[in-house]
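Inspection log for the structure reproduced underneath, given as structure tokens.
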Amino acid sequence: MKQVVIDDSFWQLFPDAQVNILYVNGIDNHSSDANLQERQELLQQATKAAGEFLTNDTFRFNPVVDQWRKAFQQFKKKKGARSSIEALLKRVNQGREFSPIDPLVDVYNSISLTYGVPVGIEDREKIAGDMHLGQVEAGLSFQPVGADKDEPTLDGEVAYYDDQGAVCRCLNWRDAQRTMLTEDSKNIVAVMEAIDPKQIDRANKAMEELSKLINHYFGVQPSQVFHLTKDHPEAVVPDNF
């Protein structure tokens with residue numbers, strides 16, 4: 001994988017959107033008891049912070065949830081597909097707790113909850129060619145995490161994809177088993193979409209904080225944050241960072 005490219009078809013639907021990209025090399029994502037308690041506390045703090053986005057007793061009327069549901073109405077999607085941030089906020093709304101999974105998942109879930117933004121991370125070594133985000137045609141190969149059969153894309157769906165098929169369907173809804181983050185992942189790409197000014201402001205702060213937490217937990221320095229817009233739709237993986 002050499003770059004992330006946001007297709008024109010995405011900007012036609014969301015002309016004022018911004019997609020933040022961060023590259024990281026050389027992480028060790030195996031879980032360790034050394035920081036297990038710290039990661040648990042990180043998730044607990046993030047769960048409390050997420051209350052800022054749950055001010056309406058009716059879950060679907062909370063602004064973050066409503067904004068992403070309306071965004072998902074603008075393209076063809078699989079029934080029941082929701083933004084990843086809605087899924088996290090729903091767990092908070094139901095009073096459920098988050099337990100540590102692995103360091104990177106814990107870090108990006110905490111960022112997503114704290115800032116009310118969707119965050120996705122893929123293993124760059126498993127991406128075939130460049131990774132794109134845009135409206136796709138029907139039939140791109142996609143086997144979801146945990147599934148035992150192919151569930152191909154729909155015509156007009158918005159998805160991340162590469163030369164071998166879909167990488168993540170319906171924006172940040174569901175990852176492919178083929179490119180998913182694992183404890184053995186070392187070189188990754190983080191993505192974060194925002195579709196209005198308030199979301200963009202939170203996403204910018206969230207990506208900078210994600211960079212700091214990755215440095216803290218993995219001892220590596222991520223790349224600069226790339227802010228992709230319709231005028232600057234590509235983020236090339238730097239040679240050295």
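Note: hydrogens, waters and symmetry copies are ignored here, and every other heavy atom, side chains too, is used.
Put simply, the side chain of D8 never gets that close to the backbone of W11: no donor and acceptor are under 3.5 Å apart. A donor-acceptor pair is defined here as one N or O able to donate and one able to accept, closer than 3.5 Å; such a pair exists between the side chain of S32 and the backbone of A34. The closest donor-acceptor contact from the side chain of R96 to the backbone of R91 lies at 3.5 Å or more, if one exists at all. Distance alone, capped at 3.5 Å, places no donor-acceptor pair between the T114 side chain and the I111 backbone. For D196 (side chain) and Q199 (main-chain N/O), a donor-acceptor pair under 3.5 Å exists by modelled atom type. For the pair K126 (side chain) and M180 (backbone), a donor-acceptor distance under 3.5 Å is present. Formation of a donor-acceptor pair under 3.5 Å by the N62 side chain with backbone atoms of T55 is found in this model.
M131 and V24 fall into different hydrophobic clusters, defined by Ile, Leu, Val, Met, Phe, Trp and Tyr side-chain heavy atoms under 4.5 Å apart, directly or through other members. In the hydrophobic clustering of this structure, F218 groups with L210; members are Ile, Leu, Val, Met, Phe, Trp, Tyr whose side-chain heavy atoms approach within less than 4.5 Å, directly or through other members. Hydrophobic clustering (side-chain heavy atoms under 4.5 Å, transitive across Ile, Leu, Val, Met, Phe, Trp, Tyr) keeps I127 apart from V236. Hydrophobic clustering, with ILVMFWY side chains joined whenever heavy atoms are under 4.5 angstrom apart, keeps I188 apart from L228. Residues Y160 and W68 are members of one and the same hydrophobic cluster, defined by side-chain heavy-atom contacts under 4.5 angstrom among Ile, Leu, Val, Met, Phe, Trp and Tyr.
No hydrogens or angles considered: nothing links the side chains of Q135 and E157 as a donor-acceptor pair under 3.5 Å. Looking at E234 and H132, their side chains never bring a donor and an acceptor atom within 3.5 Å of each other. Between the side chains of D102 and N29, at least one donor N or O lies within less than 3.5 Å of an accepting N or O. Between the side chains of R178 and S141, no donor-acceptor pair is found at a separation under 3.5 Å.
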Test salt bridge (charged side-chain N to carboxylate O under 4.0 Å, His left out) on E86 and R69; report intermediate values, then the result.
CA-CA 9 Å; E86 175 173 336; R69 286 196 181 188; 2.7 Å; yes
Going through the checks in order, is the side-chain contact (heavy atoms from CB on, under 4.5 Å) test met by L133 and V158?
CA-CA 7 Å; L133 172 63; V158 173; 3.8 Å; yes
Under the side-chain contact (heavy atoms from CB on, under 4.5 Å) criterion, do V92 and F98 qualify, and how do the steps go?
CA-CA 9 Å; V92 176; F98 293 84; 3.7 Å; yes
For R174 and K78: C-alpha separation, side-chain torsions, deciding distance, then whether side-chain contact (heavy atoms from CB on, under 4.5 Å) applies.
CA-CA 11 Å; R174 186 159 294 172; K78 189 175 175 68; 5.7 Å; no
Full working for side-chain hydrogen bond (donor to acceptor under 3.5 Å, both in side chains) between E122 and T179
CA-CA 6 Å; E122 304 294 341; T179 59; 3.2 Å; yes
Checking Q143 against D150 for the side-chain hydrogen bond (donor to acceptor under 3.5 Å, both in side chains) test, could you report, in this order, the C-alpha distance in whole Å, the side-chain angles of both residues, the deciding distance, and whether it holds?
CA-CA 4 Å; Q143 185 174 337; D150 198 58; over 6 Å; no
Go through it in stages, so that I can follow the logic: the residues are D106 and S31, the test is side-chain contact (heavy atoms from CB on, under 4.5 Å), and I'd like the CA-CA distance, side-chain angles, deciding distance and then a yes or no.
CA-CA 10 Å; D106 298 340; S31 189; over 6 Å; no
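When the shell of 6.0 Å around CD of Q94 is examined, it contains more than 12 heavy atoms from other residues, nucleotides or ligands. Atom CG of D57 has 12 or fewer neighbouring heavy atoms from other residues, nucleotides or ligands inside a 6.0 Å radius. More than 12 heavy atoms of other shown residues, nucleotides or ligands fall within 6.0 angstrom of atom CD in E183.
Between Y23 and V4, the closest side-chain pair of non-hydrogen atoms falls below 4.5 Å. At least one side-chain heavy atom of F75 sits under 4.5 Å from a side-chain heavy atom of L171. With contacts defined as side-chain heavy-atom distances shorter than 4.5 Å, the pair R124/N25 qualifies. Side-chain contact check for N172 versus E193: some heavy-atom pair is nearer than 4.5 Å. T47 is not listed as a side-chain neighbour of E97, based on a closest heavy-atom distance of 4.5 Å or more. Between L154 and R169 the shortest side-chain heavy-atom distance falls below 4.5 Å. Annotation: side chain of L43 is in contact with side chain of N109 (closest heavy-atom distance under 4.5 Å). Contact annotation: the side chain of P152 never approaches that of L140 to less than 4.5 Å [non-hydrogen atoms, C-beta and beyond].
By the salt bridge (Lys or Arg N to Asp or Glu O under 4.0 Å) test, K77 pairs with no residue at all, sequence neighbours left out.
Scanning all heavy atoms of the two residues, the minimum distance from N204 to N20 falls at OD1-ND2, 3.2 Å. For the residue pair F226 and P238, the shortest heavy atom distance occurs at CZ-CG, 4.1 Å. The two residues N187 and G26 have their closest heavy-atom pair at OD1-N, 3.0 Å. Considering every non-hydrogen atom in both L54 and F59, the closest pair reads CD2-CE1, 3.7 Å. Here the closest heavy-atom approach between residue V119 and residue S84 is recorded as N-OG, 4.0 Å. Residues F14 and I195 share a closest heavy-atom pair of CD2-CG2, 4.1 Å.
Seen from the ring of F72, R82 does not count as a face-on cation partner, given the 6.0 Å and 45° thresholds.
Taken to the nearest 0.5 Å, the CG atom of L104 stands 5.5 Å off from the CD1 atom of I214. In this structure, NE2 in H30 is found 7.5 Å from OG1 in T182, a value given to the nearest 0.5 Å.
Checking T153, D130, D7 one by one against Y161, the side chain to side chain donor-acceptor pair (under 3.5 Å) holds for a single residue, D7.
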